[in-house]
Amino acid sequence: MQILINVCTHGDEQIGLQVVERLKQLDVLTSSTTVLVANEAALKADVRFIETDLNRSFPGDPGGSLEEQLAHSLRPTISAADVVLDIHSTKSDLKDAIIVTKLTPKTLEYIQVIGPRNLIFMNIGTGTALISQAKIGIAFEYGQDTEESAIAATTEGIERLVRHLEQPQSTPTQNDTRMMNIFEVYSDAKRPEGYTILPSVHNYMRIEKGEPYATNDTDYIFAEEAFYPILFGEKTYKTYFGFKAHKLSLEEVNKILQPDAEKFDR
Ligand SMILES: [Zn+2]
């Protein structure tokens with residue numbers, strides 16, 4: 001079982017470095033775990049990316065942008081690991097969220113061990129994100145770099161999962177104490193120039209059909225259908241507000257489960 005702990009996919013999200021420090025202190029990093037700093041150049045420059053967003057640059061291109069070349073060279077490492085844990089931070093008010101691009105039985109089992117309040121299934125643009133190249137890819141978005149609660153919860157979730165993977169009997173696979181909300185992202189929400197999100201809008205809080213959710217102070221944008229805003233924020237993306245999602249029941253999740261990767265060694 002090889003577990004890849006990936007940090008700094010976005011160079012200005014440095015929470016992963018602190019999490020890795022804590023995992024070291026807790027003796028969680030063993031021979032079955034590898035730590036990868038994905039975008040060293042962006043980390044040094046303290047920017048999200050140098051030329052193109054690495055998390056939109058997969059599968060990569062040896063003749064492409066700096067990040068497309070990087071994606072191309074990282075890809076074998078990412079697809080060789082049994083599990084890839086990709087640690088991000090977020091400036092949106094999204095808290096305690098796990099993001100996946102594939103929903104498989106093993107992925108769900110591992111997420112239940114981690115025990116987040118919210119699971120986001122990104123069912124758009126799959127194939128360009130780092131975790132999409134993994135057999136099982138799980139991204140953490142628990143809060144801001146400087147938030148102690150985000151650092152602690154990310155560390156705790158990874159610790160639980162690593163211990164579970166090394167010794168499956170040691171931790172319960174089901175976290176009964178917390179109900180997990182599962183959201184399926186089906187679209188981005190385009191941001192026309194000059195528009196900002198209304199203060200009434202909060203991540204994970206349903207927006208009804210016909211409800212306004214953004215304004216340029218003269219006009220409003222109304223929801224064409226009811227949706228859940230995900231990763232909505234003023235500091236996150238320039239050309240879109242965030243993403244639109246449906247909330248899924250466990251039954252619906254079971255219906256859309258994809259098979260686990262073949263040759264999975266457990
Ligand atoms: Zn990120």
Side-chain angles (χ1 to χ4, degrees), residues 4-21 23 35-60 65-68 70-71 74-75 77-78 83-102 111 114 116-134 136-147 149-155 157-158 183 185 188-189 191 203-204 229-243 245:
L4 181 70
I5 300 176
N6 185 68
V7 302
C8 299
T9 296
H10 294 129
D12 59 348
E13 297 175 9
Q14 290 152 22
I15 189 171
L17 298 171
Q18 301 186 64
V19 170
V20 164
E21 268 317 302
L23 291 171
V35 174
L36 176 68
V37 179
N39 200 340
E40 294 259 18
L43 167 62
K44 273 198 193 113
D46 193 20
V47 292
R48 187 172 173 87
F49 54 82
I50 305 288
E51 286 179 12
T52 56
D53 189 332
L54 178 59
N55 221 18
R56 309 279 183 278
S57 297
F58 283 87
S65 72
L66 207 110
E67 274 85 4
E68 283 167 337
L70 182 58
L74 291 176
R75 201 178 154 203
T77 310
I78 290 158
V83 186
V84 175
L85 306 176
D86 189 22
I87 310 175
H88 291 254
S89 59
T90 177
K91 293 188 183 85
S92 77
D93 67 352
L94 193 85
K95 299 270 184 257
D96 201 345
I98 287 290
I99 301 177
V100 295
T101 55
K102 278 177 277 192
I111 289 166
I114 296 166
R117 218 165 288 145
N118 301 293
L119 169 61
I120 299 165
F121 169 40
M122 282 290 210
N123 203 7
I124 56 163
T126 46
T128 63
L130 185 141
I131 52 168
S132 68
Q133 306 299 314
I136 292 186
I138 300 175
F140 290 73
E141 294 251 7
Y142 274 32
Q144 302 201 25
D145 277 348
T146 49
E147 255 175 314
S149 58
I151 301 165
T154 307
T155 305
I158 293 176
F183 297 92
V185 168
D188 55 18
R191 182 197 295 271
N203 282 306
Y204 308 125
I230 298 291
L231 283 159
F232 262 54
E234 291 306 335
K235 291 180 208 145
T236 44
Y237 312 101
K238 283 192 191 99
T239 55
Y240 42 108
F241 299 118
F243 298 95

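Counting starts at 1 for both ligands and their atoms, following the listed order. These values consider heavy atoms only, across backbone and side chains, with no hydrogens, waters or symmetry-generated copies. Throughout, numbering of the chain's residues begins at 1 and tracks the sequence.
- For the pairing with Phe140, the side-chain contact (heavy atoms from CB on, under 4.5 Å) check across Asp96, Leu85, Asp86 returns one residue only, Leu85.
- Here the rule is side-chain contact (heavy atoms from CB on, under 4.5 Å) with Phe183, and of Ile230, Leu119, Asn123, Ile99 only Ile230 fits it.
- Taking the charged nitrogens against the carboxylate oxygens, Glu234 and Arg191 do have a contact shorter than 4.0 Å, which makes a salt bridge.
- In this structure, Asn203 and Leu231 approach most closely via the heavy-atom pair OD1-N, 2.9 Å.
- His88 contributes ND1 as its N, O or S atom closest to the Zn ion (ligand 1).
- Among the atoms of Glu13, an N, O or S atom falls under 2.8 Å of the Zn ion (ligand 1).
- Distances from the Zn ion (ligand 1) to each N, O or S atom of His10 single out ND1 as the nearest.
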